[in-house]
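What follows is one structure encoded as structure tokens, with my remarks underneath.
Computed from heavy atoms alone, side chains included, the values below leave out hydrogens, waters and symmetry copies.
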Protein chains: 2
Amino acid sequence: MENGKEFLHNYIKKHGLKKSAQRDKILDIFLSVGGHLSVDNLTEIVKEKHPEIGYSTIYRSLYLMQKAGIAERVELGDGITRYENMLGNKRHYHFVCQQCGKLIEFYDPLIESKIKISAAEADFSIERYRLDAFGVCSECRKKNNHSPKTKNSEG
Amino acid sequence: MENGKEFLHNYIKKHGLKKSAQRDKILDIFLSVGGHLSVDNLTEIVKEKHPEIGYSTIYRSLYLMQKAGIAERVELGDGITRYENMLGNKRHYHFVCQQCGKLIEFYDPLIESKIKISAAEADFSIERYRLDAFGVCSECRKKNNHSPKTKNSEG
DNA sequence: CTCATTGCAAAGCCTTTGCATGGAG
DNA sequence: CTCCATGCAAAGGCTTTGCAATGAG
């Protein structure tokens, strides 16, 4: 997926850091899984394939990858920290299904331009932004209709 | 600020719960401070005025207030959990200054309608959404020009 | 009276950190 | 050789939880 390793090595060289087998392995897994990978999930896979790699190395690599512009942290407020691959990934927003956890990406350039206009009006200089919508995806809504659950759990 | 207490008591009655002095006190403080209050900040103020109130009660009250629609949790990815007053508060988005931490609210109905259109296209049913833009506010940019800081901390 | 609420302290969870060892440049 | 990276386990920070006591309805 893109030349991620090259990207990482570039960053490493440029910053006087050092390559390492662990970093490469973690990067490989991260890139190969794709999508929005939770730290937990990544850790699981890494540990499975390379039990000798420690947790801290994973966290540290994620941090590095973020700095290098390879990964971006995604926080959805559910306590799970995810990272998504930024290489060759277009800007996008998220629909988050609160039932199955699925993430659907969407984008609308008009939204972006409107945000920029609002920023200009507020004299605010935007570095990055996020737009996440929470709800229920199509599939889950269908499932709900077929086998409705008790609905008075809380309000 | 609005009839928050009434709102809370309604919710409490409706759900077979019980009123308590602690909840009222916490609510009072929450409402009187306004804005985007961090749990830490709220706790500080509550403890100051009512040292006998425990941490857990604060967390539990926040949760209750959220359920009751009085407060909304705001997570900006900086590890600080904030809550904002939802009573008589219009829907809005955030500009988050990464230098001074200030939160500026903005809103554009067109953004909202565009999001809804995208949701309809994806057959996704939105319950709530958030839009946060991170950057530097006007004031901080001015400060930066007057007394520029070293700029090669990291990259 | 009954059951929700409280306060305390303990437990949890995820993440970071300190340190000695190993490895890249 | 020098200094960065690693792994382990311990430490952290924030939140939740268990439990006996308290208090609302």
Original post:
Is there a donor and acceptor pair, one atom on the side chain of B/K18 and one on the base of D/dA24, closer than 3.5 Å?
Top reply: yes

Original post:
What about B/S56: does its side chain form a donor-acceptor pair under 3.5 Å with the base of C/dC8?
Top reply: yes

Original post:
Does NZ belonging to B/K13 count more than 12 external heavy atoms closer than 6.0 Å?
Top reply: no

Subject >> Closest-nucleotide 5' rank along DNA chain D - winner of A/G54 and B/D40 >> reply: A/G54

Subject >> Test: B/R82 and B/E84 ion pair at under 4.0 Å >> reply: no

Output the rounded distance in Å from [atom1] ([X]) to [atom2] ([N]).
X     : N      : atom1 : atom2 : value
B/I12 : D/dG25 : CD1   : P     : 9 Å
B/H15 : C/dT5  : NE2   : C1'   : 17 Å
A/D24 : C/dA24 : CG    : P     : 11 Å
A/Y55 : D/dA11 : OH    : P     : 19 Å
B/Q66 : D/dT16 : CD    : C1'   : 15 Å
B/K47 : C/dT6  : NZ    : P     : 13 Å
B/K19 : D/dG23 : NZ    : P     : 17 Å
B/I26 : C/dT5  : CD1   : C1'   : 11 Å

Original post:
With a 4.0 Å cut-off on heavy atoms, is A/R23 in touch with a base, just the backbone sugar-phosphate, or nothing at all?
Top reply: sugar-phosphate

Please determine if a side-chain N or O atom of [X] lies less than 4.0 Å away from the OP1 or OP2 oxygen of [N].
X     : N      : answer
A/S20 : D/dC4  : no
B/Y59 : D/dT15 : yes
A/Q22 : C/dG23 : no
B/T81 : D/dT15 : yes

Subject >> Closest heavy-atom pair and its distance - B/K114, A/I111 >> reply: CB-CG1, 3.5 Å

Subject >> Shortest side-chain distance from A/R60, nucleotide among D/dA5, C/dA4, D/dG7 >> reply: D/dG7

Subject >> Minimum-distance nucleotide to A/T57 side chain [options: C/dT15, D/dG7, D/dA5] >> reply: D/dG7

Original post:
Does the ring centre of B/F134 sit less than 6.0 Å away from the ring centre of A/Y129?
Top reply: no

**OP:** Run the ring-centre check on A/Y83 versus A/F30 and record whether the distance is less than 6.0 Å.
**Re:** no

